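What follows is a single structure, written as structure tokens, with notes after it.
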Amino acid sequence: MEVIADLHLHSRFSIATGKEADLEHLDLWGRYKGVQVVGTGDCTHPQWLQELADRLEPVAPGTYGLKPGLGLPLKLQGPLWDRLPGVRFVITGEVSCIYKKGGQVRKVHLLLLLPSLDAAQRFSARLGRLGNVTADGRPILGLDAKYILELALEIDPASLVIPAHIWTPWFSVLGAKSGFDSLEECFEEHTSQIYALETGLSSDPAMNWRVSGLDRFVLVSNSDAHSPQKLAREANIFLVPPAFPNLAQALRTKAGFGGTIEFFPQEGKYHTDGHRACGLRATPEETAAWGGKCPRCHKPLTYGVMHRVLDLADREAGVAAPEARPFESLIPLPEVLAQVLEVGPGSKKVNHLYFRLLEKLGPELEILRRTPLEDLAREGGNLLAYGIDKMRQGRVHIAAGYDGVYGEIRLLTPEERREVLGQGALWSPPAPVSPTRPAPPSPERGQPAEPPNLKVAEPTPPSPIEPLLAGLNPAQRQAVLHEGSPLIVQAGPGTGKTRALTHRLAYLLARRGIPPEEILALTFTRQAAGEMEARIRGLLPDFPGLARLTIKTFHALGHQMLTAQEEAREVADEDQRRQLLREAGKKHKVPVALLDARISDWKQALTYPEDLGEVNEPEVAAFKDYEAALSRGGLWDYEDLIARPTLLLTRQPDLQEAYRRRYRHLLVDEYQDLNAAQYRLFRALAAADAEIMVIGDPDQAIYGFRGASPEYFSRFRQDWPAAVPVHFEETYRLPPPVLDAARQVRRQAGVQPGPMETHQNGEQPLLLLERATEAAEARAIAREIERLVGGLSHLALEDAATRHRSPEEKAGFRDVAVLYRLHALGPELERHLTAQGIPCQMPRESVGPELDGLDLAAEKVKLLTLHAAKGLEFPYVFIAGCEAGLIPWEPEGEGHKDPEEENRLFYVGLTRASRQVFLTRARSRTLWGRKRRTLLSPLVQALTPEILERREESPGASSRKTRQPQLFPEIGPRPKKAR
DNA sequence: TAGGCCACCTTTTTT
DNA sequence: AGGTGGCCTA
């Protein structure tokens with residue numbers, strides 16, 4: 001007994017679905033169509049899962065039915081319908097993986113088949129930690145497809161993952177635009193866990209047989225319906241009982257898998273090649289003859305599924321794959337009726353006849369596949385019977401779909417019409433004979449496989465150049481090689497600062513034989529220290545004694561020095577410190593903020609209560625209490641970690657001498673960010689004859705509020721008169737317009753940064769997007785990101801500007817950062833980007849305890865403060881909130897605090913980008929409950945038009961849906977969610 | 001001592 | 001807006 005199953009469809013929680021896409025209507029339409037098993041779809045969506053749990057009950061293992069009383073009444077009566085059982089549901093869903101692999105953006109849709117509702121709940125919860133599963137029933141995840149497979153099997157080994165509509169150009173495992181050339185490239189060592197492939201609307205099994213690499217897979221077909229009416233336009237025929245374990249077994253082994261019900265693939269939107277704008281349809285042969293270009297406009301043609309299949313094909317047409325299953329090609333009944341009645345498929349006439357036929361003849365699939373022609377003729381007329389007969393024989397004329405244009409079916413020619421309908425018609429339904437399609441070509445052995453394409457590794461000739469200097473420019477080389485006197489390097493953004501530092505370290509160790517323990521490299525952040533260490537290991541793998549190298553933050557070094565001399569204490573965290581300040585401040589009636597600032601100042605000047613003598617200020621008394629409390633609690637604060645070790649060194653000459661003897665080589669990163677205490681610590685550590693290299697960029701000094709002062713940078717040459725200055729003048733990061741913009745910004749502060757030359761190409765100007773509100777601003781950002789990634793879904797298809805970009809040029813989510821001045825802007829941006837289906841993350845949050853490999857592997861857009869972006873690089877950088885008062889930040893009523901530093905901060909933001917910068921602004925912004933009209937940031941205002949393009953909101957923005965080719969055009973716009 | 005109400009304030013960050 | 005701390009009351 002045949003069991004027809006449609007496993008891939010979507011609920012109303014998916015984007016661009018009708019609100020009728022619920023269980024009740026799926027059950028109803030499953031019965032109308034004649035399907036016994038229906039996937040739930042969207043099994044990663046928490047609300048949908050809740051609905052499944054509420055409304056379904058198990059009827060067999062992993063198989064569910066509507067709870068009693070929930071089924072909708074059929075519009076139909078009669079013996080065929082009165083006792084028709086409801087459909088059975090199995091748990092299915094789809095995820096969209098958008099990620100970079102091999103330097104290219106990949107977009108792969110996967111169909112999931114899970115063995116139980118419980119498994120789905122666990123899977124959803126797990127995915128929810130890696131991305132956003134609530135915005136869309138088909139979530140967009142920045143995760144490698146193979147991890148999804150791993151995860152599904154980890155949740156339950158009975159799960160099945162089926163690559164979805166595998167040939168579509170934009171979103172599939174073999175797709176021409178963002179896919180792979182083989183399943184193995186995608187799933188690697190897990191490929192054996194893939195058992196089935198979904199052929200999609202634009203291809204049928206016969207096309208897939210031409211690729212012998214697919215022979216071992218079960219070829220499945222599903223509707224991918226976005227509304228229940230579209231259910232089962234493609235489907236699977238199983239010859240096993242309708243329960244999950246049997247279906248899964250059949251999908252794994254092919255045994256009990258009876259074949260598929262298909263669209264005519266030419267009807268699909270991407271079947272053949274062409275160019276929509278020119279209305280040009282092309283066969284792959286024509287495309288080849290035209291060199292892939294549209295002969296009318298010479299733009300690249302969009303390759304269709306057929307083309308892609310032929311690219312990978314290694315078997316002749318008309319030869320079935322071994323063990324191939326048969327398939328039947330059908331046209332949905334409403335379309336057949338539309339052809340017969342010469343009206344639209346959505347018309348009342350069609351609808352009326354549709355249900356009349358169903359009532360008399362049974363479910364739609366039965367009518368299309370099996371109902372005897374004479375019965376069709378009796379209930380629907382000769383023309384209908386004739387048309388369906390033609391369809392069953394495959395005699396259908398279809399102008400193939402291309403470049404997003406649906407194929408056009410013509411079932412009946414005018415002559416046929418006349419003949420069949422005319423007086424004394426030549427055609428009448430034949431006597432009842434089995435009207436099934438001719439059997440598919442019998443499976444044969446496939447062609448012998450091509451010899452494997454062996455790649456011979458090219459021997460790399462031994463390099464005569466010192467490898468540690470190879471690839472360095474002259475200034476970098478100088479920084480690496482310099483010895484004998486202190487060195488100060490001024491290194492702008494992207495000029496290879498870390499490169500120079502790490503190569504110098506490696507050179508010291510490996511060429512000059514400096515013992516690792518004599519080297520001290522200091523950074524400001526753990527991340528920078530970690531990166532430096534990793535890069536040294538990369539340069540000198542297996543070098544003995546690397547562990548004895550000291551690469552630390554200033555604070556870590558200070559902590560280590562302190563604990564070597566005193567009883568170790570913990571470092572007070574933010575909360576502890578605030579608590580102690582509050583207590584001390586309260587007792588002595590000193591405002592906490594004031595006390596905080598005073599104590600910081602004191603410690604940065606290496607001053608402790610005992611140095612303040614008998615001053616009677618309440619602040620001093622509070623300071624004493626605070627220090628006593630820290631001590632009682634066994635705590636140091638961050639400033640202690642610098643000030644105290646410095647005092648130890650200055651007060652104990654022998655200790656200082658010991659450190660100075662040990663560290664003969666000192667390197668300091670981000671030298672412009674030293675504060676007074678750090679500067680003194682560094683001076684205390686540096687012997688007169690030590691070899692010193694400091695590197696930094698005074699234009700990027702942004703920690704003045706923390707007591708840092710770029711003054712020490714310029715003072716270096718006074719402190720070390722023998723110092724040699726080096727200036728890195730070549731940037732490898734900034735494309736010319738960004739470099740230009742950055743320099744223009746600095747010029748506004750009266751600073752003319754030294755000469756700079758860029759090796760980065762790219763002429764994209766900065767883009768300024770001004771919107772009415774911060775919500776519109778966030779949506780504009782989301783839209784641009786979507787463009788950069790090259791479209792997130794079929795519905796928001798790549799526009800002309802991006803669609804022909806090669807996959808290498810497209811961005812992955814991790815290539816994008818959104819920067820802003822205040823944390824307060826972060827959550828709102830995150831909310832909107834998330835709602836638009838863009839995986840994003842504010843790194844503060846991710847500092848959770850249970851970060852595993854997958855968490856780290858998930859690609860996300862980063863949301864960062866400008867400060868936090870320091871030292872990072874992203875191809876695409878958005879700077880949000882480019883408004884006067886916000887950038888540069890001017891606290892309410894107080895006016896500019898430090899316009900110089902704000903200017904540098906903006907400079908830092910701009911110079912994070914290696915491809916393009918987007919500046920955005922909200923004309924009205926609500927911040928901390930106060931709504932204000934804003935002006936464009938003066939820093940942006942001053943940028944010249946050659947490098948800054950302004951793009952107003954396109955007036956056609958509201959006509960989105962008319963511009964966009966729709967996969968399911970009958971669906972209205974997505975319902976607005978209440979805020 | 002819990003709970004409720006009100007006033008306040010809001011940049012950027014280091015083991 | 002929204003969270004926090006302070007202060008008052010029962």
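Everything quoted here is computed from the prediction, not taken from an experiment. Chain identifiers are assigned alphabetically (A, B, ...) following the order of the sequence lines, protein sequences preceding nucleic acid strands; residue numbering begins at 1 within each chain.
- By the 4.5 Å heavy-atom criterion applied to side chains, A:F813 and A:L833 are not counted as neighbours.
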With salt bridge (Lys or Arg N to Asp or Glu O under 4.0 Å) as the test, would you mind laying out the steps for A:E873 and A:R912 before giving the verdict?
-> CA-CA 5 Å; A:E873 172 179 327; A:R912 298 310 90 203; over 6 Å; no

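- A:D640 and A:R569 are not joined by a salt bridge, as no carboxylate oxygen comes within less than 4.0 angstrom of a charged side-chain nitrogen.
- Less than 4.0 Å separates DNA chain C from no heavy atom of any residue of residues 564-574 of chain A.
- One distance of note links OG1 of A:T502 with CD of A:E533; it measures 12.5 Å at 0.5 Å rounding.
- The nearest whole Å value for the distance from the CZ atom in A:F906 to the P atom in B:dT12 is 18 Å.
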Could you list the donor-acceptor pairs under 3.5 angstrom formed by side chains in residues 626-636 of chain A, with sequence neighbours left out?
residue : atom : partner : partner atom : Å
A:Y626  : OH   : A:R577  : NH1          : 2.8
A:Y626  : OH   : A:D637  : OD2          : 2.9
A:E627  : OE1  : A:R644  : NH2          : 2.9
A:E627  : OE2  : A:K603  : NZ           : 2.7

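- A distance of 9.0 Å separates CD of A:E902 from CG of A:L866, quoted to the nearest 0.5 Å.
- For A:A868, the side-chain atoms get nearest to B:dT13 when compared with the rest of B:dT11, C:dG5, B:dT13.
- Salt-bridge check for A:R578 with A:D575: passed, with a basic side-chain N closer than 4.0 Å to an acidic carboxylate O.
- Spacing between atom CG of A:L905 and atom P of B:dT12 amounts to 11 Å, rounded to whole angstrom units.
- The nearest whole Å value for the distance from the CD atom in A:E670 to the C1' atom in B:dT14 is 13 Å.
- In the region residues 918-930 of chain A, proximity to DNA chain C at under 4.0 angstrom, judged on heavy atoms, holds for A:W928, A:G929.
- Counting any heavy atom pair closer than 4.0 Å across all strands shown, A:R578 reaches sugar-phosphate atoms only and no base atom.
- Note on A:T525: every side-chain N or O is 4.0 Å or more away from OP1 and OP2 of B:dT13.
- Here A:F705 packs flat against the base of B:dT12; its ring centre is closer than 5.5 angstrom to the base's six-membered ring, tilted by less than 30 degrees.
- Closest to the side chain of A:H555, out of C:dG5, B:dT14, B:dT13, is B:dT14.
- In this structure, A:R582 atom CZ and C:dC7 atom P are separated by 12 Å, rounded to whole Å.
- Here the OG1 atom belonging to A:T834 is positioned 9.0 Å from the NZ atom belonging to A:K860, to the nearest 0.5 angstrom.
- Within the structure, a side-chain polar atom (N or O) of A:H823 is placed less than 4.0 Å from OP1 or OP2 of B:dT13.
- One atom, CG of A:N675, and another, C1' of B:dT14, lie 10 Å apart when rounded to the nearest Å.
- Rounding to whole angstrom units, CD1 of residue A:I642 and C1' of B:dT13 are separated by 13 Å.
- The nearest whole Å value for the distance from the CG atom in A:D669 to the C1' atom in B:dT14 is 14 Å.
- For the pair A:R706 and B:dT14, the criterion of a side-chain N or O lying under 4.0 Å from OP1 or OP2 is not met.
- Here the two rings, on A:F524 and A:H555, have centers that are 6.0 Å apart or farther.
- Between A:F874 and A:Y876, a ring centre-to-centre spacing not shorter than 6.0 Å is recorded.
- Rounding to whole angstrom units, NE2 of residue A:H867 and P of B:dT13 are separated by 7 Å.
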